[in-house]
Amino acid sequence: MTTLPADRPSSEAEVQAALLALDHATEHPFSVVLEDGAVVAGWAGATGRERFTYRYVVRLLPETGEYTRLTKTSARTSGSASGSYTFNSLWISKPVNEVLRAHGWRPRRTAVGKFLRRLVGRTD
């Protein structure tokens, strides 16, 4: 289990409040809500008969000062779709990750990531 660094990250409540403040507050607006203990940043678009959703789910792990993240996308088309939209997942993930970083939280490393870091000799 990872231990917290000497310079402890912001509390879970503080970082959740900062993430919720992103709700429709960026150049490319998206929604931010709390859902089952996780922070969910999302965007939905539609053109003609096509529907698209993107969800960036962040679960905070306060005992380690780390977080897990999961991306979910879906697209549905009923019949022939017409029109277009532009979407870039970085419009959501970048501001969310910047808030987490600014509050001292780190992404949780996966087993594969830990193995590769050991393989190349990195211990940080």
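We count residues from 1, following the sequence as given.
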Spacing of [X] atom [atom1] and [Y] atom [atom2] [to the nearest 0.5 Å]:
| X | Y | atom1 | atom2 | answer |
| --- | --- | --- | --- | --- |
| R106 | E66 | CZ | CD | 5.0 Å |
| H103 | L60 | NE2 | CG | 11.0 Å |
| E14 | L19 | CD | CG | 12.0 Å |
| S11 | Q16 | OG | CD | 8.5 Å |
| S93 | R69 | OG | CZ | 9.0 Å |
| Y67 | R59 | OH | CZ | 15.0 Å |

Using every non-hydrogen atom in the two residues, find where [X] and [Y] come nearest and quote the distance to one decimal.
| X | Y | result |
| --- | --- | --- |
| I92 | G42 | CD1-C, 3.9 Å |
| S31 | D23 | CA-OD1, 3.0 Å |
| G104 | P9 | O-CB, 3.3 Å |
| A21 | A25 | O-CB, 3.4 Å |
| W43 | P29 | CD1-O, 3.6 Å |
| P95 | L90 | CD-O, 3.5 Å |

- Query: Distance-only, no hydrogens or angles: does the W105 side chain make a donor-acceptor pair with backbone N or O of S10 under 3.5 Å?
  - Reply: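 Yes, W105 side chain to S10 backbone: donor-acceptor pair under 3.5 Å.
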- Query: When the ring planes of F87 and Y54 are compared, do they come out parallel, tilted or perpendicular, using 30° and 60° as the limits?
  - Reply: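 Because their plane-to-plane angle lies in the 30° to 60° range, the rings of F87 and Y54 count as tilted.
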Could you state whether [X] and [Y] fall into the same hydrophobic cluster, counting links through intermediate Ile, Leu, Val, Met, Phe, Trp or Tyr residues with side-chain heavy atoms under 4.5 angstrom apart?
| X | Y | answer |
| --- | --- | --- |
| L20 | L100 | yes |
| L70 | V39 | no |
| F52 | W91 | yes |
| V33 | V96 | no |

- Side-chain touch T73/T53, heavy atoms, less than 4.5 angstrom: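 The answer is no, as the side chains (C-beta and beyond) never meet within the 4.5 Å cut-off.
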- Within a strict 4.5 Å, meaning less than it, do heavy atoms of the T71 and R55 side chains meet?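 Sidechains of R55 and T71: no contact.
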- Item | Test applied, side-chain contact (heavy atoms from CB on, under 4.5 Å); reference residue, V57; option that passes from T68, D36, V40 |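 Checked T68, D36, V40 against V57; only one passes side-chain contact (heavy atoms from CB on, under 4.5 Å): V40.
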- Task: Return yes if a side-chain donor-acceptor contact under 3.5 Å exists between N97 and Y56, otherwise no.
- Result: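 Short answer, yes.
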